[in-house]
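Quick note on labels: first sequence line is chain A, next is B, and so on, each numbered from 1.
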There are 2 protein chains.
Amino acid sequence: MLSKKAQYSLYALVHLAKEYKNGPVLISKIAEDEKIPKKFLEAILLELKTIGIVNSRKGKGGGYYLIKNPEKVTLVEIIRKFDGAIALLPCVSDMYYEQCRNCNNEETCGIRSVMKEVRDTTVNMLSNTSLADIIRREENVLH
Amino acid sequence: MLSKKAQYSLYALVHLAKEYKNGPVLISKIAEDEKIPKKFLEAILLELKTIGIVNSRKGKGGGYYLIKNPEKVTLVEIIRKFDGAIALLPCVSDMYYEQCRNCNNEETCGIRSVMKEVRDTTVNMLSNTSLADIIRREENVLH
DNA sequence: CTTATAGTCTATCGGATAAATAGATTAATA
DNA sequence: TATTAATCTATTTATCCGATAGACTATAAG
């Protein structure tokens, strides 16, 4: 399961993607619409700012807005930011690899080989899906 | 990532599958070979016993042994036992479903639709792989 | 230049869970 | 009946998750 942070960030980012180029959206507006605890959402958006996906403006008329093109923001990067590895085992993770301390030979280990396939297909799906894809899915299902 | 319990249980069960019908294996033997903390492994095996995958015998000549055919023990049931849902979101989990409290309509939600695909392919891979498959993978890679 | 607005920073909290350990007890075998 | 090995109870330690509180700072409008 994804952490609440990762889950909330997905909903918040899709919200911002829908308002792309419409100017800033209030944290409180996002929090209310997406039913996310406001203070918690603040911390999440702040983190998303540090990786250059969103930016913010203070004061009246301020709020958060997407700065990366929604076509270019993929689910995999958001999930990795908050939850780390996609892989089910450290020894099959690309980004957070750790040597296996249970098996003797990673090359021949059967468990590892299955888990590698799982990881690869999951990463594929998540990195081929952007915020724009999400929005298109919602539009397509309506007609 | 899988919990340590889930990870250890996979290694322990593959070990037992290799000794299927060779009589009981000592906890301490498994612990040593698979580099699992012995006391921790005790608890894990006890849990596996409650779901009818393994059984044990006390006293001299005792230990743990697999009672289910290695062809019939799949990775998905082991992982579910220790870590619960395979899905990344509660709203796409079959076994641990919870209604989404962030989106308004699960039928049209784009995030959910992607996550459902991820879950389905992951569950497919994990439920189509048995302990026997794992062992065959290891044998095949050696020639 | 002042006031209202809205994000930022620091800090902290309870609760749950994870991972591992210790020691006494019970069951099985020879 | 002694030895072996699993079982039970319990406790420990650490870490993280999810959430909240309040003071601070930047912005824009009037």
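OP1 or OP2 of D/dT7 lies within a sub-4.0 Å distance of a side-chain N or O belonging to B/S56. Between A/Y8 and D/dC17 there is no side-chain polar atom (N or O) within less than 4.0 angstrom of OP1 or OP2. Taking 4.0 angstrom as the limit, B/K38 places none of its side-chain polar atoms (N or O) nearer than this to OP1 or OP2 of C/dT21. For A/R57 and C/dG7, the shortest distance from a side-chain N or O to OP1 or OP2 is not below 4.0 Å.
Comparing atom distances between the B/F40 side chain and each of C/dT8, C/dA20, D/dA6 picks out C/dA20 as nearest. The side chain of A/Y64 sits closest to C/dT8 out of C/dA27, D/dA19, C/dT8. For A/K4, whose side chain is taken as the heavy atoms from C-beta onward, the closest listed nucleotide among D/dG18, C/dT8, C/dT26 is D/dG18. With C/dG7, C/dA27, C/dT21 as the choices, the nucleotide that has an atom nearest any side-chain atom of B/P37 turns out to be C/dT21. Of the listed nucleotides (D/dC8, D/dA28, C/dA19), D/dC8 has the atom at the smallest distance from the side chain of B/K39. Of the candidate nucleotides D/dT4, C/dA20, D/dA26, D/dT4 has the atom lying nearest to any side-chain atom of B/K60. Side chain of B/I27, nearest nucleotide from D/dG18, C/dG7, D/dA6: D/dA6.
Salt bridge annotation for A/K116-A/E106: absent, with no cationic side-chain nitrogen under 4.0 angstrom from a carboxylate oxygen. The pair B/E71-B/R136 counts as a salt bridge, with a side-chain nitrogen and a carboxylate oxygen less than 4.0 angstrom apart.
Using a 4.0 Å heavy-atom cutoff across all strands shown, B/L45 reaches no nucleic acid atom at all.
Rounded to a whole Å, the CD atom of B/E47 is 17 Å from the P atom of D/dA6. For the pair B/M1 CE and C/dA19 C1', the computed distance is 16 Å after rounding to whole Å. If you measure from atom CD of B/E42 to atom P of D/dA10, you get 16 Å, rounded to the nearest angstrom.
In this model, no donor atom of one side chain and acceptor atom of the other lie less than 3.5 Å apart for A/T121 and A/N124.
Comparing A/K5 and A/K58 by the nucleotide of DNA chain D that holds the closest heavy atom to each, the one mapping nearer the 5' end is A/K5.
Just one residue in the list A/C109, A/C91, A/P90 forms a side chain to side chain contact (heavy atoms under 4.5 Å, CB included) with A/C100, and that residue is A/C91.
Under the 4.5 Å side-chain contact rule for hydrophobic residues, A/Y96 and A/V123 do not share a cluster.
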